[in-house]
Chemist: 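Take this structure first; my questions come after.
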Amino acid sequence: MLGYSLRPLAILLFAAVAGCELEEVSLTEPEDLLVAEVYLKVGAGEIELVAFLQWTLGSDGPSDLREATIRVQSPDGVPVPLFPTDVAECLVPELTDELEGVCFQAPPLEEGRFRPGERVEVEISTADGHLLRGGMVLPGDFILLRPGAMGRCALPPGESLEVLWNRSDGAWAYAGEALIHGLREALSPAGIEIEEDTVTLLGLSVTESDTTMVFPQEFGVFDRFDLDRDLALALQEGLPEGATARVVMSALERNYINWVRGGSFNPSGATRVPSLRGDGVGVLAGIVRKTVEVVGATPDPETPSCLPPS
């Protein structure tokens with residue numbers, strides 16, 4: 001601990017300044033703080049509600065977090081409980097071995113249990129009495145104007161798609177995520193060899209009124225230094241023929257923007273701003289999503305074009 005690590009240094013200083021009077025200083029142990037992150041995602045045909053709890057000094061905190069109670073209050077007045085589950089439901093694979101904590105997840109929820117624009121509140125209590133509370137208002141609903149609510153569309157090779165949506169009330173920013181798969185086979189005719197067949201690209205519109213994003217070029221703004229160079233250049237030309245992308249546009253409310261940080265994704269600065277109050281820190285964040293599947297192919301009667309008529 002910090003107090004013990006200073007003792008040899010204190011002894012050496014005492015020997016070096018023999019005859020001088022030293023003031024005794026007491027060091028306090030750092031506090032083991034509870035951190036809670038609760039994320040509610042609405043739309044794209046489903047509702048996802050997960051929470052991740054951890055102690056700041058590691059897994060051996062004041063109490064076993066698996067015994068914590070988490071209830072999210074929906075507008076109908078009936079609380080939704082969350083239960084411990086596999087940590088992979090909360091963390092991306094590269095973080096599962098780095099972070100010590102417990103993941104909680106709500107059981108499957110019927111569509112409409114939480115709706116865009118509604119207020120949601122959470123209460124978290126641990127077995128030893130730690131208590132956190134907070135609330136937020138989900139962003140308002142919005143519509144994908146381009147390519148529209150067709151579910152699946154074709155983007156001709158060499159073309160770009162300007163995704164367009166209307167404004168979501170209460171949104172502080174919009175995120176675009178594209179999960180592209182089938183890349184290895186799609187790029188092999190061009191002599192491009194890549195290790196991963198699937199990549200995820202992230203883009204961000206940093207104001208509530210910025211409601212356009214170009215796919216795929218502007219979806220890789222946070223990934224350009226991690227992508228294979230040849231792959232990055234190929235995606236600047238459009239979605240390769242034969243590849244398929246699941247494109248998700250998300251309206252993000254204030255709590256999300258003020259809390260979430262990672263890599264170069266720091267939309268409101270480098271400091272996290274918590275939205276939960278009580279014996280710890282954390283966030284209750286809301287996301288409203290729309291999704292469309294984009295196929296790199298020439299349009300046909302079964303798969304209409306993602307692009308507007310010329």
Side-chain angles (χ1 to χ4, degrees), residues 35-53 70-77 79-80 82 89-92 104-106 109 111-124 132-145 163-177 202-213 219 221-222 247-278 280-291:
V35 181
E37 300 182 63
V38 185
Y39 297 97
L40 174 59
K41 302 178 182 179
V42 176
E46 58 184 345
I47 297 176
E48 295 181 25
L49 178 55
V50 298
F52 186 70
L53 305 186
I70 304 176
R71 291 187 177 91
V72 177
Q73 190 79 21
S74 60
D76 61 11
V80 176
L82 280 70
E89 297 296 333
C90 287
L91 301 178
V92 294
F104 290 76
Q105 186 176 36
L109 300 171
E111 191 171 357
R113 184 65 183 274
F114 295 97
R115 296 183 177 88
E118 293 181 332
R119 179 167 180 81
V120 181
E121 298 184 351
V122 66
E123 180 178 283
I124 302 168
L132 281 172
R133 291 191 177 99
M136 60 88 184
V137 177
L138 281 164
D141 204 4
F142 66 99
I143 299 172
L144 282 182
L145 303 174
V163 182
L164 172 66
W165 60 95
N166 68 325
R167 179 177 170 180
S168 165
D169 290 337
W172 274 40
Y174 304 94
E177 185 179 33
L202 180 67
L204 185 70
S205 294
V206 295
T207 67
E208 60 179 338
S209 59
D210 186 4
T211 57
T212 63
M213 191 177 300
F219 278 68
V221 64
F222 295 99
V247 178
V248 181
M249 301 305 307
S250 299
L252 313 175
E253 50 79 52
R254 176 182 58 185
N255 291 354
Y256 186 100
I257 293 300
N258 283 338
W259 179 262
V260 173
R261 301 287 181 270
S264 57
F265 186 83
N266 302 290
S268 63
T271 303
R272 296 178 188 268
V273 180
S275 57
L276 298 184
R277 305 174 303 278
V281 296
V283 66
L284 169 63
I287 304 164
V288 174
R289 303 174 297 174
K290 301 294 179 180
T291 184

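Everything numeric here is computed off the predicted structure, so don't read it as measured data.
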Chemist: Is there a side-chain contact between Leu284 and Glu253 (heavy atoms, below 4.5 Å)?
Modeler: no
Chemist: Minimum heavy-atom separation for Gly117 and Val137, please, with both atom names.
Modeler: O-CG1, 3.6 Å
Chemist: Could you check whether any side-chain heavy atom of Val283 comes within less than 4.5 Å of a side-chain heavy atom of Tyr39, counting everything from C-beta outward?
Modeler: yes
Chemist: Rounded to the nearest 0.5 Å, what separation is found between the CG atom of Leu138 and the CD atom of Glu118?
Modeler: 7.5 Å
Chemist: Would you compute the distance between atom CZ of Phe104 and atom CD1 of Ile70 and round it to the nearest 0.5 angstrom?
Modeler: 4.5 Å
Chemist: Find the distance between CG (Leu252) and NZ (Lys41) and round it off to the nearest 0.5 Å.
Modeler: 10.0 Å
Chemist: Identify, with sequence neighbours excluded, every residue that meets side-chain contact (heavy atoms from CB on, under 4.5 Å) alongside Val248.
Modeler: Arg246, Ser250, Arg289, Thr291
Chemist: Got a second to check how far Arg133's CZ is from Glu123's CD, nearest 0.5 Å?
Modeler: 4.5 Å
Chemist: Determine whether a donor-acceptor pair (N or O, by modelled atom type, separation under 3.5 Å) exists between the side chain of Arg272 and the backbone of Trp259.
Modeler: yes
Chemist: Rounded at 0.5 Å granularity, tell me how far CE in Met249 sits from CG in Leu164.
Modeler: 10.0 Å
Chemist: Return the set of residues passing ring-ring contact (aromatic ring centres under 6.0 Å, His included) with Tyr174 (not counting sequence neighbours), or none when no residue passes.
Modeler: Trp165
Chemist: Counting C-beta onward and ignoring hydrogens, is there a side-chain heavy-atom pair between Leu144 and Val163 closer than 4.5 Å?
Modeler: yes
Chemist: Which residues pass the side-chain contact (heavy atoms from CB on, under 4.5 Å) test with Arg254, sequence neighbours left out?
Modeler: Trp172, Asn258
Chemist: Is Val38 close to Leu49 at the side-chain level, that is, under 4.5 Å between some pair of heavy atoms?
Modeler: yes
Chemist: Test your reading of the model: is there a side-chain donor-acceptor pair from Ser168 to the backbone of Gly140, 3.5 Å cut-off?
Modeler: yes
Chemist: Taking all heavy atoms of Pro79 and all of Gln73, pick out the closest pair and write down the distance.
Modeler: CB-OE1, 3.7 Å
